[in-house]
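Bear in mind that the values here come from a model prediction, so they are computed numbers and not experimental data. Here is the naming used below: chain letters follow the sequence lines, and residue numbers restart at 1 for every chain.
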Amino acid sequence: MALRLYDTKTATVRDFVPLEPGRVSLYYCGATVQGRPHVGHVRSAVAFDLLVRWLEHIGFAVTSVRNVTDIDDKILEKAAASFAADFAGGDDGADPAGEPWFALAHRFEQAFHAAYDALGVRRPTYEPRATGHMTEMFALIERLIEAGHAYPAEDGSGDVYFDVRSWPAYGELTRQALEDMQDAPDADPRGKRDSRDFALWKGHKEGEPETAAWDSPWGRGRPGWHLECSAMSTKYLGSTFDIHGGGLDLRFPHHENELAQSSAAGDGFARHWLHNGMVTYEGEKMSKSVGNTISPDEMLAAARPTAVRYFLGQAQYRSPLDYRPGALQEAEAAVERIETFAARAVETLGEDAVAAAAQQVPAEFAAAMDDDLNVPAALAALHETVRAGNTALDEGAADVAAARAAAVRTMVSVLGLDDVPEAGSGAVSAEHAALAALVDGLLAERAEAKAEKDFARADAIRDRLAAAGVMIEDSREGSRWSLPKEARRG
RNA sequence: GGUGGGGUGGCCGAGUGGCGAGGCAGCGGCCUGCAAAGCCGUCAACGCGGGUUCGAUUCCCGUCCCCACCUCCA
């Protein structure tokens, strides 16, 4: 069984063969921290988190690097706008006035971390920032100029461009011929040899903050968007590394340009290109201008965090992920089916029995994950195991049930579903202990009533607990209580 | 115009040249004092028109429609 992954560059699913046996180097594009995270960002992060978890599960040591683009046009624009006299709080009305660009970038960087953390997306090995890698970028530009693939702008603007006509392979990632590419309607041909040449370095402009300009061999300025990823990926992962990833919308121009400038500079660069699909809202791409967006925060308000993660990861990563009202509730039902079995198994068999069983995933699950991370098929294997485990519990087949429970536990872990912080989980609080004591007392009373066939009294106790948000489930082993989602959501 | 990806049962979503995943929802049953949970059964699909084939949802041709990208975009 070998891992196979789709590769954008060859447009095929092919065997994944790491550069170094047992090790995987992964670079994937994180956010330009110019606004709050939206669902697309977290979907991408979950997709690559799933990749890392599966790689680790099958025995690879993974070095993952995700960049933070903390300097770009939009960041500067938004920061500049916050100084306007009539500033009204930006997109969501909550942005502070008079915020310097670096403060804005840093604030949103933290918002991204909060969103990732809330969904159990583990931190990459390293998260380099563009602004921290000027010397690496200068070196790359110099190599490109020396090789004849880049040139300082001919209009004295201080810009430096990549010369696409000097690089015949340009367009290879997305299989486009230069001639077929539409000129950008707003492309400013000033100083460019070809309108499709892209900026490696942007000369400082009048009115831009001095803090957003760095001295370079070509004058003061700031980096172009694509350069940082080439510079940072090769710095931390080597001139050739295994996987480069990002959202589908980054294929062109971002990744095409990265590939061009890195290979033109002589780097082997990424051996495998992975792109996750977009998130849609009832079939349409989410976009601010259409107004059909839902934020990670709104999702977390609508469903349990674990269910949100389940939803974001449940489609195959290359497929569009379609959100529609009700989708999160369906995910919640699926998650609770899995959790109910896991809890039931531990209650019936004991934690030791489950922990002692082999922590292996079913062959179907492994085969699905190996097949370009076919999560839907893997989830089918997971649910099938849950069903088999429930049957084993019903039949009193303890060994089988323990094995199924252990397998479920491992699959849940590979999918990162046990890594999502839930309200009320974690350390047992004093409040929880007090609640448990009270509920247990009532349950004992109810058991007594049931034993006496006083069902009216038993039901009254159940109703009373239900009114307080505590749900009771009876079984042969006794009654268990829980705080279902409605109560937790508060 | 160019490039890539799609159209599967009530909804989501895998997959396959014949034995038709999985989840959610529905229906029937079992279990239960009642419920909940669980289990069993059940309903039901492959955009349209041709072709290849003993047989196609799966391969080929045509056609319609949808989505994404083409220098802001995860």
Protein-nucleic acid N or O pairs under 3.5 Å, nucleotides 40-47 of chain B:
{"from": "rC40(B)", "atom 1": "OP1", "to": "Arg387(A)", "atom 2": "NH1", "distance (Å)": "2.5"}

Among [options], which is the nearest nucleotide to the side chain of [X]?
X         : options                   : answer
Thr32(A)  : rA74(B), rG23(B), rG22(B) : rA74(B)
Arg196(A) : rU71(B), rC39(B), rA74(B) : rU71(B)
Lys74(A)  : rC72(B), rU71(B), rG38(B) : rC72(B)

- Query: Under the side-chain contact (heavy atoms from CB on, under 4.5 Å) test, which residues partner His38(A), sequence neighbours left out?
  - Reply: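 Partners of His38(A) under the side-chain contact (heavy atoms from CB on, under 4.5 Å) test: His41(A).
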Expressed in whole Å, how much space separates the [atom1] atoms belonging to [N] and [M]?
N       : M       : atom1 : value
rG50(B) : rG5(B)  : C1'   : 25 Å
rA25(B) : rC43(B) : C1'   : 12 Å
rG49(B) : rG10(B) : C1'   : 28 Å
rG13(B) : rU8(B)  : P     : 9 Å
rA14(B) : rU52(B) : C1'   : 27 Å
rC24(B) : rG38(B) : P     : 8 Å
rC54(B) : rC12(B) : C1'   : 36 Å
rC61(B) : rC72(B) : C1'   : 41 Å

- Item | Under-4.0 Å side-chain N/O to phosphate OP1/OP2 contact, Asn390(A) with rC39(B) |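 For rC39(B), OP1/OP2 do have a side-chain N/O of Asn390(A) under 4.0 Å.
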Output the rounded distance in Å from [atom1] ([X]) to [atom2] ([N]).
X         : N       : atom1 : atom2 : answer
Gln329(A) : rC12(B) : CD    : P     : 16 Å
Lys202(A) : rU71(B) : NZ    : P     : 14 Å
His275(A) : rG6(B)  : NE2   : P     : 16 Å

With sequence neighbours excluded, what pairs up with [X] under the salt bridge (Lys or Arg N to Asp or Glu O under 4.0 Å) test?
X         : answer
Glu154(A) : Arg193(A)
Asp49(A)  : Arg53(A), Arg309(A)
Arg251(A) : none
Glu364(A) : none

Per-pair distances, 0.1 Å, donor-acceptor, side chain in residues 451-467 of chain A, under 3.5 Å, sequence neighbours excluded:
{"from": "Asp454(A)", "atom 1": "OD1", "to": "Arg457(A)", "atom 2": "N", "distance (Å)": "3.3"}
{"from": "Asp459(A)", "atom 1": "OD1", "to": "Arg462(A)", "atom 2": "NH2", "distance (Å)": "3.4"}

- Query: Honestly, is Arg66(A) close enough over Tyr116(A), meaning NZ or CZ under 6.0 Å from the six-membered ring centre and within 45° of the axis?
  - Reply: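 Geometry flag: set, cation within 6.0 Å and 45°.
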- Geometric cation-pi criterion, Arg318(A) with Tyr6(A): 6.0 Å, 45°: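 Checked: cation-pi criterion met.
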Counting any heavy atom closer than 4.0 Å, what does [X] reach on the DNA or RNA strands: base, sugar-phosphate only, or nothing?
X         : answer
Gly247(A) : sugar-phosphate
Arg318(A) : nothing
Gly326(A) : nothing
Asp394(A) : sugar-phosphate
His38(A)  : base

- Message: Exactly one of Asp70(A), Asp73(A), Asp159(A) should register a salt bridge (charged side-chain N to carboxylate O under 4.0 Å, His left out) with Arg222(A). Which one does?
- Response: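 Of all the options given, the one that passes is Asp73(A).
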- Watson-Crick or G-U stems involving RNA chain B, each at least 3 pairs long, distances under 3.5 Å, ordered by first number: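 If one scans RNA chain B for consecutive Watson-Crick or G-U pairs, the stems found are B:1-7 with B:64-70, B:10-12 with B:22-24, B:26-30 with B:38-42, B:47-51 with B:59-63.
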- Query: Could you run down nucleotides 25-36 of chain B 5' to 3' and tag each one B, S or - for protein heavy-atom contact under 4.0 Å?
  - Reply: --------BBBB
Parallel, tilted or perpendicular for [X] and [Y], by the 30°/60° rule?
X         : Y         : value
His226(A) : His254(A) : tilted
Phe241(A) : Phe269(A) : perpendicular
His255(A) : His275(A) : tilted
His383(A) : Tyr310(A) : perpendicular

Are there any protein N/O atoms within less than 3.5 Å of an N/O atom in nucleotides 13-15 of chain B, and if so, which ones and at what distance?
{"from": "rA14(B)", "atom 1": "OP1", "to": "Ser319(A)", "atom 2": "OG", "distance (Å)": "2.9"}
{"from": "rA14(B)", "atom 1": "O3'", "to": "Asn374(A)", "atom 2": "ND2", "distance (Å)": "3.0"}
{"from": "rA14(B)", "atom 1": "O2'", "to": "Asn374(A)", "atom 2": "ND2", "distance (Å)": "3.3"}
{"from": "rG15(B)", "atom 1": "OP1", "to": "Asn374(A)", "atom 2": "ND2", "distance (Å)": "3.4"}

- Using heavy atoms to find the nearest nucleotide of RNA chain B for Ala388(A) and Ala334(A) separately, return the residue whose nucleotide is more 5′.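 Closer to the 5' end of RNA chain B: Ala334(A).
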- Yes or no on side chain to side chain donor-acceptor pair (under 3.5 Å) for Asn276(A) and Tyr28(A), after CA distance, side-chain angles and deciding distance? CA-CA 11 Å; Asn276(A) 65 271; Tyr28(A) 69 99; over 6 Å; no
Considering only nitrogen or oxygen atoms on both sides, find all protein atoms under 3.5 Å from nucleotides 2-4 of chain B and state each distance.
{"from": "rG2(B)", "atom 1": "N2", "to": "Gln176(A)", "atom 2": "OE1", "distance (Å)": "3.4"}
{"from": "rU3(B)", "atom 1": "O2'", "to": "Thr174(A)", "atom 2": "O", "distance (Å)": "2.8"}

- Query: Hey, can you pull the residues of residues 41-50 of chain A with a non-hydrogen atom under 4.0 angstrom from RNA chain B?
  - Reply: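 Those residues whose heavy atoms fall under 4.0 Å from RNA chain B, taken from residues 41-50 of chain A in numerical order, are His41(A), Ser44(A).
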- Heavy-atom neighbours of Asp117(A) CG exceed 12 at 6.0 Å: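 Counting other residues, nucleotides and ligands, CG of Asp117(A) exceeds 12 neighbours.
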- Main-chain N/O of Asp474(A) paired with Ser479(A) side-chain donor or acceptor, under 3.5 Å: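 Answer holds: no.
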